[in-house]
Amino acid sequence: MSWEKKAKARAALQKEIGFITKDWGGKIPIALVYPNTYYIGMSSLGFQTIYRLFNAEKDVVCERVFADPLFMDEAGPISLESQRPLADFSVIAFSIPYELDYFNVIEVLKRSRIPLLSSEREEGDALVIAGGPAVSANPEPLALFVDAFVIGEGEEVIPELVAVLREALTLPRNELLRALKKVQGVYVPLFHSPSDPPVARRWVRNLDLYPVHSVVLTEETEFGGMYLVEIERGCGRDCRFCLAMCIYPPLRERSVDSILAQARQGLNWRKTIGLVGFAVSDYSKMDELLDGLMALGAGISTSSLRAESVTDKLIKAIAQSSATITLAPEAGSFALRRVIGKPIPEEDVLRVAELAEKHGIRRMKLYFMIGLPREGEEDVKAVGKLVAEVLNRFEGEVVVNVSPFVPKPHTPFQRIGMASEEELEERLKLLRRLLGRLKVKVRAESPAWAMVQATLSRGDRNIGLALAEIAKSGEKVTPSRWEKALEKVGLDKEKYLGPWPRKEPLPWEKVVRI
């Protein structure tokens with residue numbers, strides 16, 4: 001084990017508030033792995049929540065692991081809390097929000113000398129489990145590598161999962177997996193037969209029973225200056241492209257009292273409370289919540305806002321402690337926004353821009369997609385026109401984020417094919433030219449990587465063969481290298497990128513009911 005790795009892990013801990021350390025004696029050791037960097041992982045409220053939930057079990061010691069060059073070399077990553085390698089843990093639990101992190105999952109297992117394939121693991125090998133939005137939507141691309149998936153929200157599953165581990169972790173491996181299969185919301189690929197019903201997603205009925213807030217505070221992350229509190233989960237809107245709408249229904253809100261109680265706790269450490277939800281401005285008791293937070297003397301920051309529900313009071317409250325607001329119109333024209341189920345009137349977007357200018361907000365982030373169903377060149381040009389109208393009303397910095405549309409499992413657009421990479425590149429080129437004239441910052445996701453994401457998002461179990469091929473080659477993952485891996489195992493990428501025939505079964509329908 002590298003002493004340099006251990007020193008860097010200890011240095012990271014010294015900058016943190018709230019990390020959890022436990023004596024290992026008589027406890028189930030679980031490595032909670034975020035398959036990306038420390039900076040990104042510690043920005044994830046979901047990851048921090050699972051860390052707290054596992055450690056709430058008295059006979060569990062859960063430590064964080066990251067696929068981060070700071071803490072990982074050819075010998076694999078080490079845990080932050082005790083600087084141990086993954087081989088020391090009985091359970092390896094991956095928290096996976098994004099499909100492109102699948103490559104890091106494979107890399108972590110490979111470097112840690114853990115057999116890649118679930119079918120090749122023997123008695124004494126670690127149990128590999130996984131959860132998170134990406135695999136809750138479609139676990140099949142990782143089904144060859146993961147022993148058990150948690151489908152849905154973890155709050156109610158984790159105590160039941162730990163109860164099984166408590167009783168069955170020392171049993172023969174097949175008996176342990178069969179015991180896990182009996183837990184509602186757990187999918188065990190090795191023992192899931194075609195005659196089995198789809199695995200039912202687990203979800204929390206009453207959010208107030210499970211507070212969700214920052215657990216470990218560090219400046220070394222995107223939200224380092226604030227204490228995050230989830231105020232709602234799910235979404236009451238009907239955006240046809242949105243995975244969150246499909247894997248987190250129904251819309252549930254926390255009570256104002258519950259949010260304020262968490263905020264009081266957070267103000268011991270940070271001056272700003274970050275309100276987290278899929279559409280924070282839709283929270284039904286926002287005025288009451290703002291009054292309560294301001295009475296506590298809290299600064300207020302928010303995740304993405306829905307333009308229709310933004311009020312003068314909300315923008316004024318944000319402006320007192322935050323310089324940035326975020327809107328996601330997604331498409332430039334109202335006609336296309338209506339097609340995708342997000343019919344935000346242009347007037348509302350411009351009204352928010354005026355409020356931002358009125359109250360001294362210094363930056364607006366706008367999110368758009370290209371390659372949407374029924375999108376034409378005029379729709380792309382409409383993005384430039386909308387941004388120009390925003391600039392006529394807002395004098396601060398405008399940052400435009402552009403991402404290619406990727407059809408996601410379980411959404412109304414799940415069977416729609418992607419635009420070609422060439423078409424996406426042309427539309428992105430046009431958009432850059434239009435926005436370049438306006439002198440706004442443009443941050444765009446790569447169309448080539450979007451194609452990779454789509455194959456992973458819509459993949460079946462055969463995609464795992466290509467992931468194994470990538471691991472075997474040892475080469476750096478690039479879009480072209482991924483295409484070669486698909487070809488090597490006899491897969492046609494167009495099967496995953498093109499439209500899915502209406503009567504053809506979908507991989508995720510076999511195992512998951514969302």
Side-chain angles (χ1 to χ4, degrees), residues 1-2 5-6 9 24 27-37 41 47 50-51 54 60-69 71-96 101-132 134-135 139-150 161 164-165 168-177 180 186-191 461 463-475 477 485:
M1 182 186 300
S2 164
K5 278 196 306 183
K6 295 180 72 172
W24 277 48
K27 296 182 176 65
I28 302 168
I30 299 177
L32 180 61
V33 185
Y34 192 94
N36 210 303
T37 64
F47 176 73
I50 299 302
Y51 174 69
F54 270 129
V60 167
V61 53
C62 178
E63 300 187 354
R64 293 163 295 151
V65 177
F66 300 90
D68 191 318
F71 318 118
M72 182 169 77
D73 56 22
E74 290 306 312
I78 58 172
S79 68
L80 253 64
E81 284 77 3
S82 65
Q83 299 91 54
R84 296 173 187 254
L86 284 191
D88 286 0
F89 292 85
S90 299
V91 180
I92 300 170
F94 286 94
S95 177
I96 313 174
D101 286 337
Y102 293 173
F103 297 112
N104 293 333
V105 170
I106 303 302
E107 187 69 10
V108 165
L109 293 174
K110 177 185 173 183
R111 291 196 189 189
S112 298
R113 309 295 190 269
I114 294 166
L116 273 184
L117 299 180
S118 175
S119 60
E120 294 180 353
R121 294 186 193 123
E122 300 176 348
E123 308 302 332
D125 286 330
L127 176 74
V128 178
I129 62 178
V135 296
E140 285 301 277
L142 287 182
L144 295 177
F145 314 102
V146 173
D147 297 315
F149 293 90
V150 174
L161 191 70
V164 172
L165 296 176
L169 192 56
T170 58
L171 295 179
R173 191 174 189 85
N174 284 353
E175 291 186 34
L176 168 60
L177 293 179
L180 287 170
V186 173
Y187 168 51
V188 179
L190 277 178
F191 293 115
R461 200 168 297 193
I463 286 291
L465 301 175
L467 288 168
E469 174 63 28
I470 285 282
K472 185 171 66 176
S473 74
E475 297 180 21
V477 182

Testing the basics here: between Gly464 and Phe145, what is the closest heavy-atom pair and its distance to 0.1 Å? O-CZ, 3.1 Å
Option passing side-chain contact (heavy atoms from CB on, under 4.5 Å) with Leu177 (candidates Val186, Val188, Leu171): Val188
Answer yes or no: are there more than 12 heavy-atom neighbours, outside Glu123 itself, under 6.0 Å from its atom CD? yes
Should Leu467 and Leu142 count as side-chain neighbours, where that means a heavy-atom distance under 4.5 Å? yes
What do the steps show when you test Arg173 against Asp125 for side-chain contact (heavy atoms from CB on, under 4.5 Å), and what is the final call? CA-CA 9 Å; Arg173 191 174 189 85; Asp125 286 330; 4.1 Å; yes
When rounded to the nearest 0.5 angstrom, what is the spacing between OG in Ser2 and CG in Asp73? 5.5 Å
Yes or no on salt bridge (Lys or Arg N to Asp or Glu O under 4.0 Å) for Glu140 and Arg461, after CA distance, side-chain angles and deciding distance? CA-CA 5 Å; Glu140 285 301 277; Arg461 200 168 297 193; 3.2 Å; yes
When you look at Arg64 and Phe71, which way does the side-chain contact (heavy atoms from CB on, under 4.5 Å) test go after all the steps? CA-CA 11 Å; Arg64 293 163 295 151; Phe71 318 118; over 6 Å; no
Nearest heavy-atom pair of Val128 and Val146: which atoms, and what distance? O-CG1, 3.6 Å
Between CD of Glu81 and CH2 of Trp24, what distance do you get to the nearest 0.5 Å? 10.0 Å
Quick one: CG on Asn36 to CZ on Phe103, what's the gap to the nearest 0.5 Å? 13.0 Å
Interatomic distance, Leu165 atom CG to Ser90 atom OG [nearest 0.5 angstrom]: 9.0 Å
Parallel, tilted or perpendicular: which one describes the rings of Tyr34 and Phe66, with boundaries at 30° and 60°? tilted
What distance separates Asp68 CG from Lys5 NZ, expressed to the nearest 0.5 Å? 11.5 Å
Closest approach of Ser79 and Ala9, non-hydrogen atoms and distance? O-CB, 4.4 Å
Sidechain-backbone polar pair: Lys27 side chain, Cys62 backbone, donor-acceptor under 3.5 Å: no
Could you go through the side-chain contact (heavy atoms from CB on, under 4.5 Å) check for Ile50 and Leu32 one step at a time? CA-CA 8 Å; Ile50 299 302; Leu32 180 61; 3.9 Å; yes
Nearest 0.5 angstrom please: Asp101 CG to Glu107 CD, how far? 12.5 Å
What pair of heavy atoms forms the shortest contact from Leu180 to Ala148, and how long is it? CD1-CB, 4.2 Å
I need the single residue from Leu127, Leu161, Val91, Ile129 that forms a side-chain contact (heavy atoms from CB on, under 4.5 Å) with Ile30. Which is it? Val91
Are any non-hydrogen side-chain atoms of Ile96 and Val33 less than 4.5 angstrom apart? no
Looking only at heavy atoms, the pair that brings Phe149 and Pro139 closest together is CZ-O, 3.4 Å
Quick one: does Val108's side chain get under 4.5 Å of Phe94's, heavy atoms only? yes
Between Pro77 and Ser112, is there a side-chain heavy-atom distance shorter than 4.5 Å? yes
Ignoring hydrogens and angles, tell me if any N or O in the side chain of Arg121 forms a donor-acceptor pair with the backbone of Ser119 under 3.5 Å. no
Determine, for Phe89 and Arg84, whether the Lys NZ or Arg CZ falls below 6.0 Å from the six-membered ring centre while staying within 45 degrees of the axis. no
Yes or no on side-chain contact (heavy atoms from CB on, under 4.5 Å) for Leu465 and Leu144, after CA distance, side-chain angles and deciding distance? CA-CA 8 Å; Leu465 301 175; Leu144 295 177; 3.9 Å; yes
Is the backbone of Arg111 close enough, under 3.5 Å, to the side chain of Glu74 for a donor and an acceptor to pair up by distance? no
Heavy atoms of Pro141 and Tyr102 approach each other most closely as CB-CE1, 4.0 Å
